[in-house]
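Below: the structure, in structure tokens.
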Amino acid sequence: MIVRGGTVVTPEGERQADVRVEGGAIAEVAPGLDEEPVEIDAAGLWVFPGAVDAHVHFNDPGRADWEGGASGSRALAAGGGTCFVDMPLNAHPPTCDAGAFRAKVAALGASSVADFALWGGLVPGNLDRLGELAAAGVVGFKAFMSPSGIDDFEAADRETLRAGMARAAELGLPVAVHAESPARLLPAAGTGWLDWARSRPVEAELAAIEEALALAGETGCSVHVVHVSSARGVELVTAARARGVDATCETCPHYLLLCEDDLEGLGPLGKCAPPIRTAAERDALWDELRAGRIDFVASDHSPAPPSMKQGDDA
């Protein structure tokens, strides 16, 4: 197949060229390529590499009314995505054993227009299921270090996380952590969005990242810190890597493009955990990204019914 006549975006810049695809892979990029039986006219269009979103919640099966693989994968494709990696919670049942894994593969296989892979869950009580999840094909295990907000996906306490990391190391798979320390979360002073943001301070994130990195170093597990909202969190991961810990991290567009000032107008629509930070935190996070110390940017796309994002109570 040839994608003909588009403006191709490459690491060296943009240029008018054709793209030849053979066996599912890009074989050649050059102007005026010989004809192929299948051609796509891309004149006037941009041609980018496909994006992989390594952190989404499509809620299929069980909560597809929040948003399932059908609409979620189409939104991904419309934005230039070709593959997503779905998190184990929000679906019901969560992907914490091989049976739930097969149910999610069946649901997404029937609905998704994009390729996908799955994270497995690491929760209290499923340590003996990590092996079957690995055999089924998960890319790694996801643990929450604070309450997830989903009743059937419990937070992993320190001992569960240590034991899970040790088992994951044996299986050769990473553990991804939602890093907020419950002990550092504060009671909200009110019901507004700023009350919510201030109840989950940066210090709660930093304490949890430090704990996860220490456990990863102790167990030899590869650890991935999801949706880091603070440059100081990235600095902790960078320092751990320098000590020999197998550690990576991601951030998200909302932490790079928004700050607390923007939430004045968004209200509950801007509620997320960790919360949107100050403009200074946002700018420092950009510095870490430009320096190459953040491994990738993922959406953390996590839809909810409109009723959960309406009203003044954040």
Side-chain angles (χ1 to χ4, degrees), residues 1 21 24-25 40 48-123 126 129-130 132-144 148-154 173-178 224 226-227 250-255 269-273 295-310:
M1 178 176 72
V21 180
I40 296 175
F48 287 88
V52 176
D53 192 343
H55 187 155
V56 306
H57 301 258
F58 282 167
N59 310 321
D60 234 343
R63 290 191 177 95
D65 56 316
W66 288 24
E67 180 179 47
S71 62
S73 66
R74 281 163 173 78
L76 176 96
T82 55
C83 181
F84 63 89
V85 190
D86 202 29
M87 286 293 173
L89 69 160
N90 293 30
H92 182 74
T95 316
C96 295
D97 57 44
F101 177 93
R102 289 190 292 269
K104 179 171 273 196
V105 168
L108 290 177
S111 63
S112 177
V113 300
D115 290 337
F116 61 88
L118 303 180
W119 289 93
L122 169 54
V123 296
N126 88 320
R129 299 299 186 95
L130 301 186
E132 67 185 58
L133 284 167
V138 298
V139 300
F141 306 104
K142 170 71 176 292
F144 268 72
S148 71
I150 300 294
D151 291 340
D152 51 9
F153 197 94
E154 295 182 48
L173 290 174
V175 170
V177 292
H178 175 120
H224 178 67
V226 301
H227 50 52
E250 70 186 52
T251 192
C252 303
H254 41 285
Y255 299 120
L269 286 174
K271 179 182 177 182
C272 60
D295 295 275
F296 54 83
V297 178
S299 72
D300 192 12
H301 178 75
S302 187
S307 60
M308 295 179 68
K309 291 289 187 178
Q310 293 172 345

Scan the side chains in residues 105-116 for donor-acceptor partners under 3.5 Å anywhere in the protein, sequence neighbours excluded, and list what turns up.
residue	atom	partner	partner atom	Å
S111	OG	A107	O	3.0
S112	OG	A114	N	3.0
S112	OG	A114	O	2.8

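Residue pairs meeting the salt bridge (Lys or Arg N to Asp or Glu O under 4.0 Å) criterion with at least one member in residues 87-97, sequence neighbours excluded, are D97-R129. Counting only residues at least two apart or on different chains, no ring-ring contact (aromatic ring centres under 6.0 Å, His included) pair has a member in residues 86-105. For residues 65-91, the pairs satisfying salt bridge (Lys or Arg N to Asp or Glu O under 4.0 Å) are D86-K104, with sequence neighbours left out.
Remark: V139 engages V85, A117, W119 in a side chain to side chain contact (heavy atoms under 4.5 Å, CB included) (not counting sequence neighbours). Listed by chain and residue number, D53 satisfy the side-chain hydrogen bond (donor to acceptor under 3.5 Å, both in side chains) test with S299 (two or more places apart in sequence, or in another chain). Every residue meeting the salt bridge (charged side-chain N to carboxylate O under 4.0 Å, His left out) condition with D295, not counting sequence neighbours, appears here in chain and number order: R241. Judged as a ring-ring contact (aromatic ring centres under 6.0 Å, His included), and not counting sequence neighbours, H254 has no contacts. Under the side-chain hydrogen bond (donor to acceptor under 3.5 Å, both in side chains) criterion, D60 pairs with no residue, sequence neighbours left out. Listed by chain and residue number, F58 satisfy the ring-ring contact (aromatic ring centres under 6.0 Å, His included) test with H301 (two or more places apart in sequence, or in another chain). Contacts of H224 classified as ring-ring contact (aromatic ring centres under 6.0 Å, His included), with partners at least two apart in sequence or in another chain: F296. Partners of P49 according to the side chain to side chain contact (heavy atoms under 4.5 Å, CB included) rule, which considers only residues two or more places apart in sequence or in another chain, do not exist here.
In this structure, NE2 on H55 lies 9.0 Å from NE2 on H178, to the nearest 0.5 angstrom. L76 CG to S71 OG: the interatomic distance, rounded to the nearest 0.5 Å, is 11.5 Å.
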